[in-house]
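Letters go in sequence order (proteins before strands), and every chain restarts at 1.
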Amino acid sequence: MQQIKFEIKKIMCNKLFLISTAILIGYYIFMIISGIPMYASSPKGNAKFFAQAPESPTSQYIYELEQEQNDMFEFVFIPNDPPYPPGEYGSTLMEDYNIISNYTEQVRYSQSTFDRDMTLMVEKLYDEMKNAKSSGNNYIYRYNEKAISIYNNKIDIPIIDSKNAKGSFEIFHHSRESTIFSTLLIMWSAFISAFCYTSESTYKISNNVHSTPNGRRKLLLNKTAALTIIIFIMCFAAFIVEFLVSVFAFKVTDLFVPIQATPHFQFSGFRLNILTTMILTNFMRFIALIFVVGIVSVLSIKARSLIRPMILSFIFFAGASYMLMVIISIHELKAVNIFSVVRMYFPLALTQPNDYLTKFDYGNLFSFPANRLTVSIGVFLISFSLCIWISSKFYGGGRLRWKKES
Amino acid sequence: MEKRELTFNNVTKKYKDITALDDFTATLEPGIYGLLGPNGAGKSTLMKCIADIIRPTSGSILYNGKDIYAQGAKFRNIISFMPQDLGFYPSFNAMEILHYFALLKNVKLDKEQINQTLDNVNLSEYKKKKVGGFSGGMKRRLGIAITLLNDPEILILDEPTAGLDPEERVRFKQLLADMSKDRIIILATHIVSDIENLADNILFIKKGKLIDTIKGRD
């Protein structure tokens with residue numbers, strides 16, 4: 001335990017760690033602050049909006065809007081396996097979902113604006129949807145059988161003051177979807193891991209340290225434990241911030257509302273409330289960042305400074321991922337499909353936890369139905385264990401020995 | 001007590017085209033051994049091989065008849081290595097450094113013992129000072145304190161007196177002389193006077209080869 005404390009101190013006293021953490025926290029606060037006017041509702045703002053809206057009680061108006069949308073959607077069962085029949089508006093199942101959800105989101109989020117023009121747009125959309133319904137144009141939602149069975153599995157979604165439930169959760173929605181924040185998180189974890197594993201080389205103390213009995217495998221494990229603790233503290237702090245902001249800005253009882261009451265998660269197959277989802281999403285981020293620690297421990301083997309593992313981390317995490325996205329968008333190659341499936345289950349995707357919870361719970365992994373979250377965590381456990389095992393064999397001048405020591 | 005003996009059997013270390021150690025063979029018993037040789041002779045390479053920082057390309061090193069690399073952490077428990085390039089974590093103070101290394105060396109030290117150790121190397125008044133602000137001589141003295149923490153059977157010292165003032169150098173030599181009765185101490189230095197007054201045996205190394213071995217202060 002003492003050794004872990006020293007490893008934590010080494011990391012936290014480093015100026016670059018303090019700067020990188022400040023940047024990360026600063027960006028996170030920026031996202032929260034920019035999220036507040038976008039997603040939150042204040043009584044004052046709502047009073048202004050609903051004064052301009054058709055005469056209707058506040059929550060009843062929103063409820064009516066939602067009911068209209070629900071009435072317009074037709075549920076069609078489709079087989080589990082691709083190819084899925086094309087949608088009315090898009091060529092794939094997920095495109096249909098994205099188009100429809102974007103359309104409905106405009107209506108749902110209108111309650112958070114105080115702008116007169118936005119109010120008029122909402123009213124126009126409301127009229128448009130009513131006209132569409134009366135002329136018989138239905139939007140078609142296609143689900144696979146497993147997802148719909150979960151969705152229909154007796155989830156009671158009460159008629160609530162939905163602006164509060166939505167606001168208390170959606171205020172952090174962007175942080176769970178943002179690619180920039182996800183990349184910042186990954187690179188921050190890579191940086192502190194690279195620094196931690198190469199600190200002996202950086203400070204020219206490696207010969208001294210690695211010639212001691214506890215200066216190799218045990219030291220590596222202590223460093224890994226120290227990094228785990230630091231990352232846990234950051235994720236826990238993020239959860240506390242979400243919780244406190246939600247409690248002080250909105251009602252505490254809203255935290256126990258099912259996430260299906262919020263627009264982004266209305267088709268989620270998970271039986272979760274907003275509070276447990278906050279805990280789960282921060283835990284998922286934690287898993288992803290610990291995965292980064294494991295990978296960097298291998299990339300840091302024999303490194304003489306933190307430059308090499310940082311460059312390799314960038315290539316491995318950011319470079320490969322973005323290259324793949326470019327390839328996928330430009331070409332429709334059969335091999336790329338395999339990569340995109342792998343990427344979907346890769347633990348790094350856990351830094352954008354919304355993806356796991358908003359869309360259908362079950363996917364197809366090479367024709368096997370698989371819970372995506374379970375597979376990602378399983379991949380993490382195996383890969384992390386393997387990484388630590390490999391790096392402990394080579395850390396500090398050790399050699400991979402296949403023969404037992406005498 | 002078991003006789004302590006460190007044996008080098010045809011130890012060779014090659015780095016691509018460079019042969020740092022060439023068929024080095026010797027047997028060391030308790031006493032002080034001075035390593036003398038020009039720059040690039042292989043002194044540091046030999047020391048790193050003993051400290052298990054690097055491995056020879058061929059040959060073996062035995063301690064009391066057992067291969068030191070097969071023993072692993074067990075062997076590292078009884079050695080202490082002070083390299084030529086001595087660095088420390090700048091944000092730690094002297095007490096923390098000693099405590100940290102005590103943990104690495106499996107040594108239990110209380111505050112009193114840490115204070116005593118710092119006193120032995122004349123660093124008591126700087127115990128709370130961050131090591132980043134230490135002079136070269138102070139770092140060397142701290143390095144010496146770390147080396148002696150685990151009461152090692154084998155001491156490997158690369159330029160231990162570099163940066164020390166004359167008084168400290170004398171003090172250090174006396175300390176080594178007191179310890180040498182039942183320990184193997186291997187000392188590499190460019191300061192010939194340190195070796196000729198201190199070492200029981202002097203090993204001359206050139207281009208990785210052991211050229212000659214002569215008796216020292218006796």
Cut-off 4.5 Å, heavy atoms of chain A, and the answer for B/Lys48 is side chain

Q) In terms of heavy-atom pairs under 4.5 Å with chain B, which of A/Lys10, A/Gln2, A/Lys218, A/Gln3 leads? A)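 Sorted descending by pairs with chain B, the first entry is A/Lys10.
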
Within the structure provided, determine whether [X] and [Y] are in side-chain contact (heavy-atom separation under 4.5 Å).
X: A/His210; Y: B/Arg76; value: no
X: B/Leu86; Y: A/Lys204; value: no
X: B/Phe101; Y: A/Val209; value: yes
X: B/Asp52; Y: A/Ser211; value: no

For the [atom1] atom on [X], are there more than 12 heavy atoms of other groups (residues, nucleotides or ligands in this structure) within a distance under 6.0 Å?
X: A/Arg217; atom1: CZ; answer: no
X: A/Phe17; atom1: CZ; answer: yes
X: B/Tyr126; atom1: OH; answer: no
X: A/Phe243; atom1: CZ; answer: no

How are the rings of A/Phe6 and B/Tyr100 set relative to one another: parallel (under 30°), tilted (30 to 60°) or perpendicular (over 60°)? perpendicular

Spacing of [atom1] belonging to [X] relative to [atom2] belonging to [Y], to within rounding of 0.5 Å:
X: A/Lys5; Y: B/His99; atom1: NZ; atom2: NE2; result: 9.0 Å
X: B/Phe92; Y: A/Ile205; atom1: CZ; atom2: CD1; result: 8.5 Å
X: B/Ser91; Y: A/Lys9; atom1: OG; atom2: NZ; result: 6.0 Å
X: A/Asn207; Y: B/Ser44; atom1: CG; atom2: OG; result: 9.0 Å

Listed once per pair and sorted, the side-chain hydrogen bond (donor to acceptor under 3.5 Å, both in side chains) pairs that draw on residues 133-143 of chain B, sequence neighbours left out: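 For residues 133-143 of chain B, and leaving out neighbouring residues, there are no side-chain hydrogen bond (donor to acceptor under 3.5 Å, both in side chains) pairs at all.
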
Counting heavy-atom pairs under 4.5 Å with chain A, the top scorer among B/Ile78, B/Asn106, B/Asp85 is B/Asn106

Margin query: I'd like to verify something: which residue of B/Asn77, B/Ile79, B/Ile146 has the highest number of heavy-atom pairs under 4.5 Å with chain A?
Written below: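 Of the options given, most contacts go to B/Asn77.
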
So which heavy atom on A/Pro213 is nearest to which on B/Ala73, and how close?
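Scanning both residues, the minimum pair turns out to be CB-O, 3.6 Å.
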
> Is it the side chain or the backbone of A/Thr202 that comes within 4.5 Å of chain B heavy atoms, both, or neither?
Replying inline: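 Nothing of A/Thr202, per the 4.5 Å heavy-atom cut-off to chain B.
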
